[in-house]
Amino acid sequence: VTSPYGYTLHENGNVTVGQFAFTTSEAGNFLACFWIDSAEKGSGVSVNLDWKTGIATKDWDAIAKKEKIEGVELELRKLEVAVQSIHQNMVYLKAREAEMREVSEKTNGRVAWFSIMSLGVCVVVSVLQLWHLQGYFRKKKLI
């Protein structure tokens, strides 16, 4: 398993059955590679992948046994973790929205200044053209 920045998070070789988990703070697309080193052609291979993220990764049965909780209390614990996850996601989205708003406002300001400068250049070029044409026509005695 490779992170979005190219770091190897997990590597295992010559495995027929197994499971693994990893925790990371990096967001993005992770890459999982599987390959078969087999000389037999046409051999059947099955790969079952159960990829979990966020609160779905918790083993609630093990937590319930360890803390000796069951029923409603376990469901409340699950809901509490879900609410915390949603809150963290909302805080993250709020920060991203503020960052995007700042970028948008800077871009808007730059576009406004570019438009004003373009308009100024057009006005200056028009005045210079008029001044040049007036001089040209006076020289040719058409005006």
Side-chain angles (χ1 to χ4, degrees), residues 1-139 143:
V1 177
T2 307
S3 76
Y5 299 106
Y7 302 118
T8 300
L9 301 174
H10 179 78
E11 186 172 343
N12 220 352
N14 299 325
V15 176
T16 57
V17 175
Q19 66 181 22
F20 68 93
F22 64 91
T23 304
T24 182
S25 60
E26 298 174 2
N29 295 325
F30 290 81
L31 179 66
C33 297
F34 302 93
W35 67 91
I36 302 170
D37 290 332
S38 175
E40 299 176 25
K41 299 235 179 200
S43 62
V45 175
S46 175
V47 175
N48 294 325
L49 184 63
D50 187 14
W51 192 280
K52 295 180 182 178
T53 61
I55 62 171
T57 60
K58 291 201 176 202
D59 185 7
W60 291 106
D61 294 331
I63 292 172
K65 286 179 186 176
K66 180 181 172 187
E67 297 182 12
K68 295 181 176 105
I69 58 174
E70 59 184 42
V72 175
E73 191 175 357
L74 179 61
E75 290 301 318
L76 285 173
R77 183 72 60 90
K78 288 179 185 179
L79 289 174
E80 180 184 14
V81 172
V83 167
Q84 287 174 351
S85 175
I86 291 169
H87 182 264
Q88 288 174 348
N89 197 19
M90 291 299 292
V91 168
Y92 170 74
L93 290 175
K94 187 176 180 181
R96 286 288 309 262
E97 188 268 335
E99 182 182 324
M100 291 298 156
R101 187 176 346 105
E102 184 179 326
V103 168
S104 177
E105 288 172 359
K106 282 183 181 179
T107 303
N108 188 28
R110 289 176 182 163
V111 168
W113 277 110
F114 182 75
S115 299
I116 290 169
M117 289 178 62
S118 295
L119 185 61
V121 167
C122 287
V123 168
V124 168
V125 167
S126 298
V127 168
L128 288 174
Q129 280 182 338
L130 286 173
W131 178 69
H132 176 71
L133 287 173
Q134 266 185 339
Y136 176 77
F137 287 134
R138 283 191 181 136
K139 189 186 243 184
I143 298 182

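Contact of the E80 side chain with the V83 side chain is not registered, since no non-hydrogen atoms from C-beta on lie closer than 4.5 Å.
The CD atom of E70 lies 9.0 Å from the CD atom of E73; values are rounded to the nearest 0.5 Å. Taken to the nearest 0.5 Å, the CD1 atom of I63 stands 7.5 Å off from the CD1 atom of I69. A distance of 10.0 Å separates CD in E11 from SG in C33, rounded to the nearest 0.5 Å. To the nearest 0.5 angstrom, F30 atom CZ is 14.0 Å from H10 atom NE2. How far CG of N29 is from OG1 of T2: 12.5 Å, rounded to the nearest 0.5 Å. Taken to the nearest 0.5 Å, the CG atom of L79 stands 12.0 Å off from the CZ atom of R77.
Remark: F20 CZ is packed, more than 12 non-hydrogen atoms of other residues, nucleotides or ligands lying under 6.0 Å away. For N12, the CG atom is densely surrounded, since the number of other residues' heavy atoms within 6.0 Å is greater than 12. Surrounding CE of M117 are at most 12 heavy atoms belonging to other residues, nucleotides or ligands under 6.0 Å away.
Partner Y92 forms a side-chain hydrogen bond (donor to acceptor under 3.5 Å, both in side chains) with one of K94, Q88, R96 and no other, that one being R96.
Every residue meeting the side-chain contact (heavy atoms from CB on, under 4.5 Å) condition with K78, not counting sequence neighbours, appears here in chain and number order: W60, L74, E75. Every residue meeting the side-chain contact (heavy atoms from CB on, under 4.5 Å) condition with Y136, not counting sequence neighbours, appears here in chain and number order: K140.
Minimum heavy-atom separation, S3 to L9: CB-CD1, 4.0 Å. When every heavy atom of A27 is checked against every heavy atom of P4, the shortest pair comes out as O-CG, 3.6 Å.
Screening residues 100-129 for side chain to side chain donor-acceptor pair (under 3.5 Å), with sequence neighbours left out, gives E97-R101.
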